[in-house]
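Notes follow the structure.
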Amino acid sequence: LLSSAAAGFVSGLAVTRFGITPLIATLGVNALLLGTILRVTHGGASATATSGLARFSVGRVLGIPHIVLIAVAAIALVAFILRATRFGRTFVAIGTSAAAAHAAGMAVRRYTLATYVIASTFYGLAGILLAGYLRTPGLGVGDSYLLPSIAAVVLGGTSLAGGGGSVVATAVGALFLTQLQQVVFGAGAATSVQLLIQSSVIGLGMAIRTISWRRWFGRRHGRRVATTAG
C-alpha cells in the first residue's frame, strides 16, 4: 500500500508541478514501475499469496464474497465523502472546473496531489485482493484491467476531458461492462471481440459527452430544408 501511495505521489507531482497530461503521467509512471518490477524479478515471478490472504480473498459472509463486500464498502465510503464532507465537495468542485476552484481560493494542486495518492492506495488494495484471489499472480495480471477501467468510467457518465462524475454510476458501469464481457465470453467470442466492444464503449461515451449533437442535428436539418427548397 505504501508503494502504491508513493507511485500516486509521483504521478501527482508530474501533473501538478510539471504540467504533464494526467493520462501521459500515469502511463509513464506505470512504465517506470513495470521496468522496476522486471529488473527486480528478472522477468519471472514465482511468489504465491500467503494462505491467510488467499482464504480471505475467496471467503464469504452469508454467501457474499469478501471482495464484493469490500467493493461495496469502498464505493459507499467514497460516495459519502464526496457528498457529505468539505474535502469531498472541494474535490468535486476542482474536478468540475479547476480554474473556477482556483479563483475561489481552493488549494487545487494540493487536492489534486492527494487525489492521486488516495486513488493509487485503492489500486494497491485491489492488487492485493487480486493476488490473494489468483494465489499465484503473474507480472502482467493487471494489464487486462487497463482498458475496462477506462470504459467503466466513461459508461458511468464521466468525461475523460474532465468534469463532474459519480462513483456509484462508475460502479454500475463497471458491473454492466463485466456482465457484458461474461455474455460475450459465454457466446464463445474471441478476445479481440471483447477489446473491440470495450473500445467502442469508450468511443461512444466520448462522442456523447463531447459532440454538440444539437448543433450537428441543426446543420443536418438546415441542409434538408435547403435541399427541399431547391
Side-chain angles (χ1 to χ4, degrees), residues 1-50 53-54 57 67 70-71 74 78 87 91 94-95 98 102 107-156 158-163 165 167 170-171 173-174 177-178 181 191-192 194-195 198-199 201-203 205-206:
L1 291 178
L2 289 176
S3 299
S4 299
F9 184 78
V10 174
S11 298
L13 282 180
V15 174
T16 59
R17 295 296 179 181
F18 300 101
I20 301 176
T21 304
L23 183 60
I24 301 301
T26 52
L27 289 177
V29 173
N30 177 72
L32 291 175
L33 293 174
L34 181 58
T36 302
I37 292 173
L38 292 176
R39 177 68 177 179
V40 172
T41 61
H42 302 288
S46 58
T48 59
T50 61
L53 177 60
S57 299
I67 294 180
I70 293 176
V78 174
F87 173 83
F91 168 78
I94 293 174
H102 179 75
V108 176
R109 287 186 176 182
R110 187 184 307 170
Y111 275 88
T112 302
L113 181 59
T115 300
Y116 279 95
V117 174
I118 295 172
S120 294
T121 303
F122 275 106
Y123 304 153
L125 176 61
I128 292 173
L129 294 175
L130 181 60
Y133 184 80
L134 298 177
R135 295 179 180 265
T136 307
L139 295 179
V141 68
D143 294 345
S144 59
Y145 294 95
L146 292 176
L147 188 59
S149 61
I150 299 175
V153 172
V154 174
L155 276 176
T158 303
S159 173
L160 297 181
V167 176
T170 299
L177 186 62
T178 301
Q181 288 177 333
T191 304
S192 58
Q194 300 181 30
L195 294 176
Q198 294 170 8
S199 60
V201 168
I202 295 176
M206 288 294 292

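Every value quoted in this text rests on a predicted model; they were computed, and no experiment measured them. If you read the sequence from its start, that first residue is 1, and numbering goes on from there.
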Do Leu53 and Thr50 have side-chain heavy atoms sitting under 4.5 Å apart? yes
Got a second to check how far Ile94's CD1 is from Arg110's CZ, nearest 0.5 Å? 10.0 Å
Looking only at non-hydrogen atoms, find the nearest pair between Gly8 and Ser120 and report the distance. CA-OG, 3.0 Å
Taking all atoms of both residues into account, what is the closest heavy-atom pair of Ala49 and Gly132, and its distance? CB-CA, 3.9 Å
Contacts satisfying ring pair (Phe, Tyr, Trp, His ring centres under 6.0 Å) that involve residues 111-133 (not counting sequence neighbours) are Phe87-Tyr111
Over all heavy atoms of both residues, which pair between Thr16 and Leu113 is shortest? Give the atoms and the distance, please. CG2-N, 4.1 Å
Do Ser149 side-chain atoms and Leu146 backbone N/O form a donor-acceptor pair below 3.5 Å? yes
Full working for side-chain contact (heavy atoms from CB on, under 4.5 Å) between Leu1 and Ile128: CA-CA 9 Å; Leu1 291 178; Ile128 292 173; 4.0 Å; yes
Nearest 0.5 Å please: distance from the CG atom of Leu13 over to the OG1 atom of Thr112. 11.5 Å
Please tell me if the side chains of Leu2 and Thr121 come closer than 4.5 Å, counting only heavy atoms from C-beta onward. no
Interatomic distance, Thr21 atom OG1 to Leu27 atom CG [nearest 0.5 angstrom]: 10.5 Å
Can you give me the closest heavy-atom contact between Val15 and Pro22, atom names plus distance? CG2-CA, 3.8 Å
What heavy-atom pair brings Ser4 and Gly124 nearest, and what distance separates the two atoms? OG-CA, 3.1 Å
Between Leu129 and Ile67 the two heavy atoms that sit nearest each other are O-CD1, 4.4 Å
Please examine the side chains of Arg109 and His102, heavy atoms only from C-beta on, and report whether any two atoms are closer than 4.5 Å. no
CD1 on Ile37 to OG on Ser3, rounded to 0.5 Å: 9.5 Å
Counting distance only, does the side-chain N/O of Thr26 pair as donor-acceptor with the main-chain N or O of Leu23 below 3.5 Å? yes
